[in-house]
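Since the structure comes first, as structure tokens, the remarks are kept for the end.
What you are looking at is a predicted structure, and each value in this text was computed from that prediction instead of being measured.
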Amino acid sequence: MSQAQAANTVQVTAYAKVDAVHVDAVKQRPGVPVLVRVVAPPPAAASSERAPIDLVAVLDVSCCGGLGPVNRMDLLKKAMGFVIDKLGEHDRLAVVPVQASAAVAEKHDLVEMNAEGRKEATRMVQSSLTVTGENKLSTALKMAATILEGRKDHDKKRPGFIVLISDGDDASVLRDAMNLNCSVHAFGFRDAHNARAMHRIANTSAGTYGLLNDGHDGLADAFVTSVGNITSIVAVDAEVSVSCSGAESTAARLTAIESGRFKHDINGGGKRGTIQAGALQAGAVRSFLVYVDNVGDDELEHLPSMLTVGVQYEDRSTTTSQNAAENQAGREMARRTAQVVVVRDGDEHSRLVAAEIVRVAAMRIVGEIIKNYGDNGRALAGAADELHKQWSLLKKSEFAKEAAPACFVSALDAEMSEMEATLRRSSGMSYMLSWQTCHSLQHLQHARSSSSPSATTSVAAAAKGNGGASAVAAAARQSFTAGGAAAMGKFVWSGAHHGGGGGGGERKRKYQSSEMEMIEQRLAYWTKVKCELPPMHHDGECPDHMTTIFRDASRDSIDRAMFHDVFLAVVHATGRRSSKSGGGGDSSCGL
């Protein structure tokens with residue numbers, strides 16, 4: 001396969017960290033951790049044509065008529081206008097208002113997004129703002145699922161999704177059974193929705209949860225990114241397989257798989273394992289940890305011959321839009337395999353394994369806090385203390401120290417600091433709940449661009465969004481590394497791929513590391529400032545309207561100062577890099 005062809009296909013790699021066999025408080029699994037990474041072609045490499053999708057929008061506008069700090073009706077129109085614009089002419093959309101009766105909902109079937117269909121979709125959105133009827137979220141979700149499940153057999157080959165937008169406080173979904181066989185991406189209006197309800201809907205349906213609007217009444221990055229993911233699917237039904245092939249004479253077995261909310265299975269007495277990675281959008285990165293135990297010390301170097309790793313998927317990036325639906329039924333599964341690479345502490349790819357172990361441990365910490373703490377003022381303070389304690393311990397672990405040069409821990413640290421800050425301000429658990437759903441499905445929710453943005457463009461865009469320190473952190477790193485993909489902070493220095501010419505590659509990595517450290521120091525300072533911002537009210541009290549205004553104004557001022565400081569650090573770093581490299585050279589991070 002040529003390099004051009006490889007760039008347009010899903011790739012799989014595998015790295016076995018053979019010096020991390022023993023169980024500890026962070027790893028918590030016996031055996032050799034093997035990192036399996038699946039990478040979809042980036043938007044620039046993927047075909048401009050794709051197979052069509054079906055999308056059902058469930059709109060819960062029960063409180064849109066009331067007074068509030070923002071006009072939710074206008075925001076809803078803006079959000080749905082964005083969705084309609086992103087859909088292609090062969091995509092289909094249906095709108096289900098939560099307040100509609102069953103008879104009304106049945107009229108809102110999937111409509112193809114040609115010129116006439118777009119007009120009809122706009123009318124459907126408008127009608128959803130005026131209907132009155134029962135107000136039960138679970139009923140509307142079941143109606144949406146029925147629309148997707150009731151499609152003809154050949155239409156069921158299309159990826160189907162549900163997008164929920166809500167400003168309501170319907171807690172019935174916390175009690176009702178949610179047997180949804182499709183992904184529901186749930187979004188709530190800022191400060192006007194039931195975060196726990198949205199989280200449960202997303203968590204039980206292979207979906208994500210986030211805020212619809214940012215602090216400036218614009219569409220939040222989480223919503224924009226999610227819609228972009230839905231409308232850029234390049235592969236479906238991706239399945240990762242790992243097997244102990246050729247190891248009949250050994251006792252090696254698969255003992256555990258860490259895959260977040262992706263379903264996995266180990267069978268054949270531990271000889272075979274599979275992970276259902278599902279649909280992949282352009283540029284997607286999926287990382288999974290597979291543990292292999294009962295491997296003797298003298299067998300560690302032979303792991304590449306003992307393990308077979310592969311991914312099979314249905315390619316959706318090359319189907320032409322004119323005959324996409326007709327061709328889907330007869331499409332064949334593509335398959336890629338990878339040879340396991342043995343890595344040890346200090347190796348660039350060993351840092352990737354360590355980084356994923358840290359990320360999984362962070363998800364475990366957040367999951368326990370979500371389960372054990374409530375949403376009132378005192379419980380939130382306790383959750384913040386527990387998060388600070390557990391994350392501080394994790395940062396001191398050997399895995400975190402090894403992963404630090406790969407730019408990963410600082411990105412995660414910014415997110416944890418922001419999470420702690422929201423808890424201490426008694427702002428609820430929406431940030432934590434959203435973080436958990438996105439990380440468990442490895443959906444990137446920060447500011448990003450399909451091209452290589454300048455420092456000014458990407459950092460400024462992050463500063464204007466609602467991602468706060470973590471978004472600015474991601475944008476700063478991406479700008480400095482000249483187009484490297486910031487997929488959950490898992491970076492591989494380009495010198496590891498190209499050899500780097502011996503000492504020259506090593507000097508390049510050391511130079512980039514020192515410049516990145518300067519940026520990281522500024523980010524660490526500002527995240528600390530935001531974390532220590534006083535809540536402006538006593539524990540257990542509900543902040544009044546004026547307190548909220550002053551608190552938000554303080555945060556905006558800090559955000560602007562942080563942006564200015566980090567922007568200057570990026571400009572300084574990139575300027576020095578250009579002067580040292582003569583304005584050229586490959587110093588990017590790649591996936």
Side-chain angles (χ1 to χ4, degrees), residues 55-66 68 72-73 75-76 79-80 94-108 124-125 127-150 160-213 222-223 226 261 367 370-376 379-380 427-434 436-437 440 542:
L55 178 65
V56 182
V58 176
L59 306 181
D60 178 14
V61 291
S62 56
C63 301
C64 262
R72 297 177 201 153
M73 190 175 295
L75 274 172
L76 180 63
M80 288 307 300
V95 177
V96 176
V98 171
Q99 288 75 28
S101 64
V104 173
E106 287 174 358
K107 297 179 181 178
H108 296 287
M124 288 191 295
V125 172
S127 67
S128 72
L129 306 179
T130 57
V131 296
T132 58
E134 65 175 280
N135 184 16
K136 196 170 184 182
L137 196 51
S138 58
T139 302
L141 289 171
K142 290 175 183 176
M143 291 180 185
T146 299
I147 291 175
L148 293 177
E149 292 167 359
F161 303 94
I162 297 174
V163 169
L164 166 64
I165 298 176
S166 174
D167 69 351
D169 191 28
D170 182 4
S172 65
V173 296
L174 297 173
R175 303 181 300 272
D176 295 346
M178 301 295 295
N179 299 318
L180 300 173
N181 296 319
C182 47
S183 296
V184 181
H185 299 286
F187 298 92
F189 286 82
R190 177 177 291 271
D191 300 324
H193 69 282
N194 189 320
R196 288 281 184 173
M198 297 293 101
H199 176 259
R200 181 168 189 263
I201 291 169
N203 236 16
T204 56
S205 67
T208 58
Y209 155 64
L211 295 181
L212 175 69
N213 54 312
F223 180 77
S226 184
R261 282 192 287 146
I370 290 173
K371 182 173 66 176
N372 295 330
Y373 289 86
D375 298 88
N376 58 52
L380 292 175
S427 299
M429 299 190 81
S430 59
Y431 183 99
M432 176 176 281
L433 295 170
S434 175
Q436 191 266 346
T437 64
S440 59
C542 179

Smallest separation among heavy atoms of [X] and [Y], with atom names:
X	Y	value
Ile162	Ala144	CD1-CB, 3.7 Å
Asn194	Ala197	OD1-N, 3.0 Å
Ala206	Ser183	O-OG, 3.0 Å
Asn213	Gly188	OD1-O, 4.2 Å
Ser434	Gly210	OG-CA, 3.6 Å

Taking the side chain as C-beta and beyond, is there a heavy-atom pair between [X] and [Y] under 4.5 Å?
X	Y	value
Val58	Val98	yes
Tyr209	Ile201	no
Leu212	His193	no
His199	Gln436	yes
Leu75	Asp167	no
Met432	Leu380	no

May I ask you to decide if [Y]'s main-chain N or O and [X]'s side chain share a donor-acceptor pair within less than 3.5 Å?
X	Y	answer
His185	Gly207	no
Ser138	Val173	no
Arg190	Leu211	no
Ser205	Leu180	no
Ser440	Arg261	no
Thr146	Lys142	yes
Thr204	Arg200	yes

What's the verdict on side-chain contact (heavy atoms from CB on, under 4.5 Å) for Ile165 and Phe189, showing C-alpha distance, side-chain angles and the deciding distance? CA-CA 8 Å; Ile165 298 176; Phe189 286 82; 3.7 Å; yes
What distance do [X] atom [atom1] and [Y] atom [atom2] have between them, rounded to the nearest 0.5 Å?
X	Y	atom1	atom2	result
Thr208	Leu433	OG1	CG	12.5 Å
Met429	Ile370	CE	CD1	5.5 Å
Glu149	Cys182	CD	SG	6.5 Å
Leu141	Asp170	CG	CG	9.5 Å

Which of parallel (below 30°), tilted (30 to 60°) and perpendicular (above 60°) describes Phe187 and Phe223?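 Plane angle over 60°, so perpendicular.
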